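Computation of the quantities below employed the complete heavy-atom set of this structure, encompassing side-chain atoms and omitting hydrogens, waters and symmetry-equivalent molecules. Throughout, a chain's letter reflects where its sequence line sits, starting with A, and its residues are numbered from 1. All of these numbers come straight from a predicted model, not from anything done at the bench.
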Amino acid sequence: MATERYNPRASEPKWQKAWDAKKLFEADNDDPRPKYYVLEMFPYPSGRIHIGHTRNYTMGDVVARYKRAKGFNVLHPMGWDAFGMPAENAAMQNKVHPKAWTYQNIAAMREQLKVMGLSLDWAREFATCDVDYYHRQQMLFLDFVEKGLVTRKSSKVNWDPEDMTVLANEQVIDGRGWRSGALVEQRELTQWFFKITDYAQDLLDSLEGLDEWPEKVKLMQANWIGRSEGLLIRWPLATTGKVIDGEDELEVYTTRPDTIFGASFMAVAADHPLAKKAAEDNPALAKFIDEVRHMGTSVAALETAEKKGFDTGIRVVHPFDANWTLPVYVANFVVMEYGTGAIFGCPSGDQRDLDFANRYGLPVIPVVMPEGENQGSFQIIDEAYVGDGVMINSRFLDGMKPDQAFDEVAKLLEQKTLGNRPMAERKVNFRLRDWGISRQRYWGCPIPMIHCEDCGVVPVPKADLPVRLPDDIEFDRPGNPLDRHPTWRHVKCPQCGKHGRRETDTMDTFVDSSWYFARFTAPWANDPTDPKAATEWLPVDQYIGGIEHAILHLLYSRFFTRAMRETGHVDLAEPFRGLFTQGMVVHETYRVGSGSNSRWLAPSEVRLEDVDGKRRAIEIATGEEAVIGPLEKMSKSKKNTVSPEEITDGYGADTARWFMLSDSPPERDVEWTDEGAAGAHRFIQRIWRLVSTAAESLAGIKPAAAKQGEAGTVSKAAHKALKSVGEDIEKLAFNRAIARIYELANALTTPLNEAAAGKADPALQAACRQAVDILVHLIAPVMPHLAEECWQTLGGTDLVAERPWPVYDPSLVVDSEIVLPVQVNGKKRGDLTIARDADQGAVEKAVLALDFVQKALEGKAPRKVIIVPQRIVNVVA
RNA sequence: GCGGACGUGGCGGAAUUGGUAGACGCAAGGGACUUAAAAUCCCUCGAUCUCUGAUCGUACGGGUUCGAUUCCCGUCGUCCGCACCA
């Protein structure tokens with residue numbers, strides 16, 4: 001019987017409709033079964049689904065379908081991270097309203113996603129730019145204000161003078177705005193902040209409990225939070241140096257108070273108050289400070305910048321020696337943002353300080369010497385010593401270990417006083433800064449605050465929410481359109497009723513994505529969450545997304561969850577129990593021409609040839625040979641993109657899904673190749689042939705496992721595959737699960753063909769029937785459409801998507817006879833087939849009887865026989 | 001500079017965490033079917049040699065062990081994160 005080829009273009013929409021009709025993927029909050037929440041990071045609606053998205057969502061979908069089959073009440077929602085700059089840029093360039101542009105994109109992308117056959121609960125879909133959503137975000141903001149989690153303060157920002165907007169650090173490239181190209185200025189601006197630093201310690205400590213997170217991500221977050229333990233030390237200003245009115249001390253932060261006797265200078269940041277005051281009557285210093293401020297902030301500039309300073313003439317007195325004074329410099333390597341913006345320089349123990357001291361001829365006194373060195377000959381020339389050791393040249397600290405000396409200095413200085421306050425205090429410092437959320441933009445969630453001349457900054461009453469974005473808006477000029485709107489900003493002060501004005505800053509889009517996972521648990525709720533639903537669903541059991549969000553998005557979400565607990569919206573601290581960071585989809589690049597004449601070619605524009613084992617790429621249009629470049633992240637500029645449609649149009653969604661999870665481990669990058677996609681599609685056709693040719697003869701057969709003979713082999717193969725595929729999916733090892741499925745298909749080929757040809761006895765028929773049922777259920781998470789088609793062909797009347805995961809028979813996954821590899825002196829020389837339950841004595845006897853073992857022993861007794869049960873035997877001759 | 005990860009056939013990658021290195025897939029080569037092609041099926045596929053067998057082989061050099069891709073030390077290379085953080 002000749003079978004038709006499987007036609008995904010006809011089948012896939014058919015099954016998608018069937019799933020929709022039964023609402024199989026809509027989660028019910030009242031379902032009593034154990035819950036499972038799987039979530040992929042929601043996309044920005046750029047207009048097109050990228051192939052990287054499809055890999056991400058396929059992974060989540062496999063987990064969702066598997067868990068559903070395992071009997072869980074699965075929540076698998078999807079939404080849109082829909083605020084942000086691209087919509088405004090599009091508005092400026094193409095005269096489209098950001099709202100129209102965004103919702104059009106969402107509609108287009110939703111259709112693309114639906115083609116993939118994802119088991120998503122579309123009933124819970126929302127976009128962060130929906131008024132319904134940002135209304136609740138404003139409610140959260142006001143609750144946070146009430147709990148003291150929001151603050152307003154002045155901070156330095158990157159200001160693009162041409163676009164008249166604040167830029168994030170990553171939008172500043174070589175000191176210029178990424179769009180305007182204008183030189184970016186540092187400006188002081190009053191901004192809104194979330195007080196994430198209040199949670200710095202907790203955010204750090206709780207990382208330990210996240211045992212289903214990648215170590216890498218936890219480490220990155222720990223580094224970002226950047227905890228250090230040190231001492232704040234207040235140094236009295238000396239009357240012998242330059243005197244500044246109203247200033248009598250300099251406070252520094254140090255993690256190495258033990259090296260205090262190695263100090264040879266003080267250095268303050270250019271923005272330090274002392275520096276500013278000293279510069280008032282010192283034009284040369286003022287000029288130096290100005291230079292430092294305009295120093296490039298790019299990585300290259302920082303790396304090459306020399307350590308430079310300027311002596312202010314001010315001197316400080318050493319805390320332990322009233323006769324010892326040190327100069328105070330303004331230095332370009334000290335930043336105001338960390339610690340107190342001032343340091344004491346210990347050249348022997350810090351490379352930067354040493355470079356600085358050598359440049360300005362300041363003393364270098366070694367104070368820590370490695371254990372076992374000779375103090376007479378130990379010296380520091382141009383390499384500072386930062387390791388452990390023993391204190392020298394440090395008076396009463398001599399002979400101590402540095403950490404002892406740390407404690408000793410801390411203890412003594414805590415007791416000393418300077419102007420009624422202790423001279424030092426222990427201080428834990430964090431690198432983490434408060435989260436500045438103000439953006440001078442239109443397309444974001446309005447910050448619900450009102451400025452009143454008399455009452456100050458007043459929250460918008462909750463009853464007046466939402467503060468809606470006005471629709472009539474002009475993008476003809478740079479800057480924030482909300483500022484120029486004729487009426488929007490004018491509003492009555494809710495406290496005194498006089499004229500006030502709205503806050504025109506909108507929120508950072510990271511705010512939107514910091515709680516969407518909670519909103520999905522009850523997107524219809526009037527409050528930001530339905531606490532009961534949130535409690536039941538959260539935490540997200542498996543969160544999947546790109547490593548690029550390892551720090552900000554995940555850290556902000558962790559902060560937000562804590563803040564939402566504080567305000568009664570959720571009752572947990574950690575939003576994501578399991579985190580998985582998937583790799584990118586990459587493709588090689590093709591380029592013709594050289595220098596400024598070169599152009600990139602899309603994969604569809606080249607033909608690949610294989611000549612004498614050497615791959616060549618030829619531009620189809622011109623016949624010109626193109627240079628094949630390395631694998632790179634798909635990007636528009638290099639044209640090495642493959643769109644999901646190119647695959648789904650030709651091969652269907654199942655092929656795309658299967659290919660994307662094959663071969664490469666999910667956390668690693670996967671290379672998109674035409675051969676690979678074609679191979680995945682061949683396998684789909686192969687499964688279809690296998691199942692459909694056998695279907696007729698197996699249709700009426702009752703499935704049953706066999707233990708012996710050929711039928712037993714079939715059943716064992718099926719049950720072993722069933723066990724390992726389940727385990728692999730649990731571990732998100734999709735590539736391994738797929739390899740096991742290939743193995744099963746290989747093992748079933750001959751028996752199924754026998755069954756189709758009517759050559760199978762009843763036992764084999766029953767075993768084949770069960771094995772093919774198992775096969776269909778195993779492929780279902782990855783290739784759900786094909787699974788349904790196969791199931792229907794086999795006579796199934798229900799949907800695989802609503803069927804339970806099969807249960808393996810433990811007795812079928814172990815063999816009664818095992819093949820033990822036998823080594824002689826650690827090298828494999830042969831095998832021993834023996835009963836699984838044979839005891840050690842029997843194994844040893846059988847091994848020693850093997851002729852290759854006897855030959856190796858040359859009649860002598862073995863020195864040792866190592867038997868690892870069920871594993872291996874090693875005979876030591 | 002600091003911190004981290006990784007390095008296995010022509011390629012993507014397996015290896016139950018110290019126990020048969022190379023599962024599975026891709027590519028390649030050979031064969032069958034066909035008038036021919038596509039599709040499909042079968043076989044070969046780490047290297048070398050004195051080729052029914054043996055030796056070598058998991059970046060390189062050492063070490064621990066009966067046994068190391070796996071653990072330890074050093075070197076080289078690739079990738080990632082942070083960065084004048086005091």
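- Ranking B:rC24, B:rC82, B:rA14 by closeness to the A:Trp224 side chain, first place goes to B:rC82.
- The side chain of A:Ile551 sits closest to B:rC82 out of B:rA39, B:rC82, B:rC66.
- Per the geometry, CD1 belonging to A:Ile872 stands 18 Å off P belonging to B:rA15, to the nearest Å.
- Classification of B:rC71 as anti follows from a glycosidic angle more than 90° from 0.
- One atom, CG of A:Asp353, and another, C1' of B:rC84, lie 10 Å apart when rounded to the nearest Å.
- A donor N or O paired with an acceptor N or O is found under 3.5 Å between the base of B:rC66 and the side-chain atoms of A:Asn874.
- Taking 4.0 Å as the cut-off between side-chain N and carboxylate O, A:Glu727 and A:Lys731 do not count as a salt-bridged pair.
- The residue A:Arg736 sits close only to the backbone: its heavy atoms come under 4.0 Å of sugar-phosphate atoms, none of a base.
- Atom CD1 of A:Ile687 and atom P of B:rC24 are 15 Å apart (whole Å).
- Residue A:Arg863 places its CZ atom among 12 or fewer non-hydrogen atoms of other residues, nucleotides or ligands, all under 6.0 Å distant.
- Here the side chain of A:Pro665 is nearest to one of B:rA14, B:rA86, B:rG19, namely B:rA14.
- Comment: A:Asp728 engages A:Arg736 in a salt bridge, judged by a side-chain N to carboxylate O separation of less than 4.0 angstrom.
- Note: CH2 (A:Trp688) to P (B:rU40) measures 17 Å, nearest angstrom.
- Taking the charged nitrogens against the carboxylate oxygens, A:Lys720 and A:Asp815 do have a contact shorter than 4.0 Å, which makes a salt bridge.
- Classification of B:rG9 as syn follows from a glycosidic angle within 90° of 0.
- Its glycosidic angle being more than 90° from 0, B:rU70 falls on the anti side.
- Applying the 6.0 Å contact sphere to NZ of A:Lys218 captures more than 12 heavy atoms from other residues, nucleotides or ligands.
- A:Val335 comes within 4.0 angstrom of a nucleotide base, judged by non-hydrogen atoms across all strands.
- The side chain of A:Asp663 has B:rG12 as its nearest neighbour among B:rU20, B:rC24, B:rG12.
- Contact annotation: A:Arg871 side-chain N/O to B:rC66 OP1/OP2 distance is not under 4.0 Å.
- The NZ atom of A:Lys827 sits 16 Å away from the C1' atom of B:rG19 (whole-angstrom rounding).
- Proximity note for A:Arg686 (side chain, C-beta onward) versus B:rG12, B:rC41, B:rC66: the nearest is B:rC41.
- A ring-centre distance under 6.0 Å is found for A:Phe659 and A:Trp672.
- Among the protein residues, A:Asn735 comes within range of the sugar-phosphate backbone only, with heavy atoms under 4.0 Å from sugar or phosphate atoms but none that close to a base.
- For A:Thr255, the listed nucleotide lying nearest its side chain is B:rA86; candidates were B:rC84, B:rC80, B:rA86.
- Closest contact between the side chain of A:Met220 and the listed nucleotides B:rG81, B:rG12, B:rA83 involves B:rG81.
- When Watson-Crick and G-U wobble pairs are counted only if both distances are under 3.5 Å, B:rU44 pairs with B:rA28.
- As judged by a 4.0 angstrom heavy-atom cut-off over every strand, A:Val334 is placed among the base-contacting residues.
- Comparing B:rA86, B:rG4, B:rA14 by their nearest atom to the side chain of A:Leu219 picks out B:rG4.
- Note on ring orientation: taking the six-membered ring where Trp is involved, the planes of A:Phe265 and A:Tyr329 are perpendicular (angle over 60°, cut-offs 30° and 60°).
- Spacing of C1' atoms, B:rU58 relative to B:rG53, comes out at 24 Å, to the nearest Å.
- Using the Watson-Crick or G-U wobble rule with both distances under 3.5 Å, B:rG53 pairs with B:rC49.
- Between the CG atom of A:Asn746 and the P atom of B:rC42 there is a distance of 9 Å, given to the nearest Å.
- Going from atom CG of A:Leu744 over to atom P of B:rA23 covers 18 Å, rounded to whole Å.
- Between the CD atom of A:Glu671 and the P atom of B:rA27 there is a distance of 13 Å, rounded to whole Å.
- Of the candidate nucleotides B:rA86, B:rU20, B:rG13, B:rA86 has the atom nearest to the side chain of A:Tyr338.
- When distances are taken from the side chain of A:Arg431 to each of B:rA86, B:rC85, B:rG13, the shortest belongs to B:rC85.
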